Structures are given as C-alpha cells and as structure tokens.
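The structure appears below as structure tokens.
Please read all numbers here as calculations on a predicted model, not as lab measurements.
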Amino acid sequence: MQSAATVLGVLRERGRCRLPCTELYRQLFNPQLYLLAYGRIYANHGAMTPGVTPETVDGMSQRKIARIIEAMRHERYRFRPVRRVHIPKSNGKTRPLGLPTWSDKLVGEVVRLLLEAYYEPTFSDRSHGFRPRRGCHTALREVAHTWTGTAWFIEGDIADCFGSLDHQVLLAILGEKIRDQRFLRLVQNMLTAGYLEDWRWGA
C-alpha cells in the first residue's frame with residue numbers, strides 16, 4: 001500500500017504534465033489517505049456537531065475507516081443528504097450551512113485531497129482563495145508588490161456561488177481529465193446530497 005504522500009505526489013506530477021487520471025477511485029481504498037484526511041479535519045470547528053445522524057469525530061477508529069473502504073470497494077458508499085441550518089451573518093442576514101455526517105466529512109476530505117493534488121499545479125499564481133498556503137495575506141502581499149501603481153480595486157461577489165453551480169457542467173469539466181466513471185459517480189452522489197455548497201476544494 002502506497003503512502004498518502006506518494007499517492008498525492010504522483011497525482012501532482014500527472015496534473016503538472018496535464019495527463020488524465022484513469023484510476024482515481026481505487027485510491028479511495030487506501031487507509032493512509034483517510035488517516036491524513038482525519039488529521040486535517042478532526043480539530044475543525046464543528047467536528048463534534050452531528051449531521052443527519054448522531055455520528056461525530058468522537059468514536060473515530062481504524063475499524064470505521066475499514067468499513068468505509070469496504071463499502072467503497074463494492075461501490076455501496078452513499079453520501080447522506082446534509083442537515084441544513086442557517087447561521088447569522090454580520091449584516092443581520094443568515095446564510096445556509098450544511099452539516100454532513102462525520103463519515104461523509106472524512107470521505108469528502110479524501111476526495112478533496114485527491115482533486116487538490118491533481119489540479120493545484122495547473123491553477124493560476126494569481127489565484128489565492130481556498131488553496132493550500134494561500135489566502136488573504138498572500139493576495140495582499142501580491143497587491144503590495146505587483147500592483148503598486150493601481151488606484152482602484154473592484155470587489156465582486158457571486159451570490160450563492162457554490163449553491164448555484166450546475167452539477168452537470170461541473171461533472172463534465174471534471175470528466176475532461178478524470179477518466180474514471182466510478183469516481184465521477186461518487187462526486188455526483190456528493191453533489192446530490194448537497195455537499196458542494198459547503199465544500200471548498202483547496203481549503
């Protein structure tokens with residue numbers, strides 16, 4: 001069994017070389033990726049908040065990972081519809097927040113790790129949102145060093161961006177490079193369950 005670092009390194013190289021992925025789904029059988037994903041999200045705010053089931057990070061075990069992998073092998077894993085709540089915003093309005101089950105969060109993070117490794121090498125250096133080691137501070141540093149003569153900046157926002165994306169268009173875009181129908185079916189199941197609205201690839 002390859003280490004998580006090796007798997008992600010191979011995907012990064014394929015992405016850098018613009019080579020398609022033909023066997024991405026089978027990476028979901030690798031327990032090392034689930035352990036890495038667990039390490040990334042177990043301390044997140046909300047890890048102890050249940051979704052549509054009482055399941056939380058509490059009680060996570062290698063046995064539970066083995067059950068998830070077994071379901072993946074037989075293509076029986078299904079994302080449950082997220083529990084939707086509304087949280088207040090600073091302007092007095094609210095925004096919807098989806099609360100998936102803990103197992104779905106874990107699998108979603110494994111999927112995100114795989115997609116991020118493959119696509120990250122192809123992203124623009126001018127892009128800073130929801131990417132590893134990038135964010136507001138790297139964007140501000142670039143502005144300070146590159147846009148020194150600029151007098152105006154325009155801020156824009158797309159209302160309900162993630163909730164408004166056409167799932168078939170998104171799957172078609174993924175299908176241009178990911179030639180693995182089992183993996184694409186899993187992503188489609190995530191989308192149908194309402195996972196995309198709160199999922200940030202590269203977060």
Closest non-hydrogen atom pair, [X] against [Y]:
| X | Y | value |
| --- | --- | --- |
| Val111 | Leu186 | CG2-CD2, 3.9 Å |
| Met72 | Val107 | CE-CG1, 3.4 Å |
| His128 | Asp125 | NE2-O, 3.8 Å |
| Pro31 | Met1 | CD-CE, 4.0 Å |
| Gly175 | Leu184 | CA-CD1, 4.0 Å |
| Pro121 | Gly15 | CB-C, 4.5 Å |

Check whether any side-chain heavy atom of [X] sits under 4.5 Å from a side-chain heavy atom of [Y], and report yes or no.
| X | Y | value |
| --- | --- | --- |
| Ile41 | Lys105 | yes |
| Tyr25 | Gln181 | no |
| Leu24 | Asp180 | yes |

query: Cut-off 3.5 Å, side chains only: do His167 and Gln188 have a donor facing an acceptor?
result: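 No, no side-chain donor-acceptor contact under 3.5 Å.
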
Note to self: Please tell me whether Ser3 and Thr6 have a donor and an acceptor in their side chains that are separated by less than 3.5 angstrom.
What the structure shows: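 Side chains of Ser3 and Thr6: pair found under 3.5 Å.
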
Exam field: side chain [X] to backbone [Y], donor-acceptor pair closer than 3.5 Å:
| X | Y | result |
| --- | --- | --- |
| Arg40 | Glu109 | no |
| Arg80 | Thr101 | no |
| Thr146 | Val143 | no |
| Ser124 | Arg126 | yes |
| Asn30 | Gln2 | yes |
| Arg63 | Met60 | no |

Practice task
Assign the ring pair Tyr38 / Tyr42 to parallel, tilted or perpendicular, where the plane angle (0 to 90°) is split at 30° and 60°.
Solution key: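 Parallel.
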
Return the orientation label for the Tyr77 and Phe79 ring planes: parallel under 30°, perpendicular over 60°, tilted otherwise.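 Tyr77 and Phe79: perpendicular rings.
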
| task | Under the salt bridge (Lys or Arg N to Asp or Glu O under 4.0 Å) rule, collect the residues that match up with Glu176, sequence neighbours excluded. | result |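 In terms of salt bridge (Lys or Arg N to Asp or Glu O under 4.0 Å), with neighbours along the sequence ignored, Glu176 is linked to no residue.
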
Salt bridge (Lys or Arg N to Asp or Glu O under 4.0 Å) partners of Arg179, counting only residues at least two apart
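Expected list: none.
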
Criterion side-chain contact (heavy atoms from CB on, under 4.5 Å) against Leu33, the qualifying member of Leu106, Leu28, Ile69, Leu114: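 It is Leu114, the one option of Leu106, Leu28, Ile69, Leu114 that forms the side-chain contact (heavy atoms from CB on, under 4.5 Å) with Leu33.
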
More than 12 heavy atoms of other groups within 6.0 Å of His74 NE2
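Yes, because the 6.0 Å sphere around NE2 of His74 holds more than 12 heavy atoms from other groups.
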
Are more than 12 heavy atoms from other residues, nucleotides or ligands located less than 6.0 Å from atom CD of Gln62?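 12 or below, so no.
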
I'd like to know if Leu19 and Val10 are part of one continuous hydrophobic network [Ile/Leu/Val/Met/Phe/Trp/Tyr, side-chain heavy atoms within less than 4.5 Å].
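As far as the 4.5 Å side-chain criterion goes, Leu19 and Val10 are not connected within one cluster.
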
Rounded to the nearest 0.5 Å, what's the gap from [atom1] on [X] to [atom2] on [Y]? Could you check?
| X | Y | atom1 | atom2 | result |
| --- | --- | --- | --- | --- |
| Lys64 | Trp102 | NZ | CH2 | 9.5 Å |
| Glu116 | Leu8 | CD | CG | 8.5 Å |
| Leu191 | Leu171 | CG | CG | 5.5 Å |
| Leu11 | Cys21 | CG | SG | 5.0 Å |
| Leu174 | Leu115 | CG | CG | 6.5 Å |

Could you check whether [X] pairs with [Y] (Lys NZ or Arg NE/NH1/NH2 to Asp/Glu carboxylate O, under 4.0 Å)?
| X | Y | answer |
| --- | --- | --- |
| Asp104 | Arg78 | no |
| Arg131 | Glu120 | yes |
| Arg67 | Glu70 | no |

Q: Could you check Arg26 against Arg73 for side-chain contact (heavy atoms from CB on, under 4.5 Å), going step by step and ending with a plain yes or no?
A: CA-CA 8 Å; Arg26 69 186 180 96; Arg73 286 186 189 278; over 6 Å; no

message = Could you check whether Arg12 makes a cation-pi contact with Tyr118, meaning its NZ or CZ is under 6.0 Å from the centre of the six-membered ring and within 45° of the ring axis?
response =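 No.
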
